[in-house]
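The figures here come from the full heavy-atom set of this structure, side chains too, leaving out hydrogens, waters and symmetry mates.
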Protein chains: 2
Amino acid sequence: MDTIDVRILSELQKDSRLSIRELAKRINLSAPSVAERVRKLEDKGIIEGYTIKINRKKMGFPIDCFVLITTRNGEHERIRQLVADDPRVELCYRISGDACFIVKLSVETLDQIESFINKLTPYATTRTQIAFSQVRVDADVGRLMFDQN
Amino acid sequence: MDTIDVRILSELQKDSRLSIRELAKRINLSAPSVAERVRKLEDKGIIEGYTIKINRKKMGFPIDCFVLITTRNGEHERIRQLVADDPRVELCYRISGDACFIVKLSVETLDQIESFINKLTPYATTRTQIAFSQVRVDADVGRLMFDQN
DNA sequence: GTTGAAAGACACCATCC
DNA sequence: GGATGGTGTCTTTCAAC
């Protein structure tokens, strides 16, 4: 992982459909060497996949919220499965502190938050926070590596 | 937005580098009509961009945490800017509840969590939770639209 | 890591259903 | 709304350096 790799990642993060040629042009390297670097980044698992950013709001899921889940009686595994099976869950982490999991939901209506919580309440308590606005998404990987503050 | 659009989104979510040809083959439609649908999804802003999933752990940022930020004296704007300028912030939302913002950080060392918090403490109080493991990332958009539970 | 060539895949357009 | 076929461009890949 050197500067060139980071620049490759940064460009692909901005546009994953760049051709190897175009990518090579942007970072002033030949196409074959860029191709090899990209392949290695994939093999190492640093590039986990090529995907699109989907605007869930515009797809009809305008409400985002965070739910902190505190499991009762060690029912972690059950909660984990309920969460992992629900497509409205955008992300979920096991965390330290008094809660056990943090979940981000995106839903069509407030009702769906209620039904999500109801699904969990036999096994856990929950605290829900509605997200008003998004301050930030995904930092540029170039800045992550080079801006030290 | 019909079934076909959702299938297009689902396929592109799995692999954004699919050519229009290949995409058309997978959903049994002709290339020109798929191209037009994709263009419209872009124009509507449902497809926000084409990007890569980067494994931050493998890039040397093994620690994830969530920080709940409670602003003092209405210093919201200052906090917003500090957060938005920091590349280690993966996401940040303004939320309801007793905290004002929730932030997800990914860092190289615990020290960096401390320095992030120190940056904020003149204007806010914080509660930090370390993320142990990731239970779930990004649901398939097909399931989001069609699995109703 | 670079260059150049060859084979193949691609998007796009016009046309038609 | 969707399908087909032709054209010219751009692509990746490979060998040689």
Exercise for the section: List for me each residue that meets ring pair (Phe, Tyr, Trp, His ring centres under 6.0 Å) alongside B/F101, sequence neighbours excluded, and say none if there are none. Expected result: none
Problem - Distance-minimising heavy-atom pair for B/C100 and B/H76 - result: SG-NE2, 3.6 Å
Exercise for the section: Using a 4.5 Å cut-off on heavy atoms from C-beta on, say whether the side chain of B/M59 contacts that of A/L9. Expected result: yes
Fill in the blank from the handout: As a check of understanding: the bend across the helix from C/dG1-D/dC17 to C/dC17-D/dG1, end axes from five pairs, rounded to 10 degrees, works out to 30°
Problem - B/I130 and B/C65, any side-chain heavy atoms less than 4.5 Å apart - result: yes
Problem - Minimum side-chain heavy-atom gap B/V83-B/I69 below 4.5 Å - result: yes
Exercise for the section: For the pair B/R127 and A/D98, find out whether any cationic side-chain nitrogen is under 4.0 Å from an anionic carboxylate oxygen. Expected result: no
Practice task
Could you pull out all residues at least two apart from A/D43 that satisfy side chain to side chain donor-acceptor pair (under 3.5 Å)?
Solution key: A/R39
Handout entry: Boundaries of the chain B footprint along DNA chain D (any atom under 4.0 Å from a heavy atom)
Key = D/dG1 to D/dT4
Problem - Per-nucleotide protein contact string for nucleotides 1-9 of chain C, where B marks a base within reach and S marks sugar-phosphate only (heavy atoms under 4.0 Å, - for neither) - result: SBB------
Practice task
For the pair A/K40 and A/E36, find out whether any cationic side-chain nitrogen is under 4.0 Å from an anionic carboxylate oxygen.
Solution key: yes
Problem - All side-chain contact (heavy atoms from CB on, under 4.5 Å) counterparts of B/R56, not counting sequence neighbours - result: A/D138, A/A139, A/L144, B/F61, B/E90, B/S106
Exercise for the section: For B/K40, report the nucleic acid contact type (base, sugar-phosphate, nothing); a contact means any heavy atom under 4.0 Å. Expected result: sugar-phosphate
Handout entry: Flag side-chain contact, heavy atom, 4.5 Å: B/K44 against A/K58
Key = no
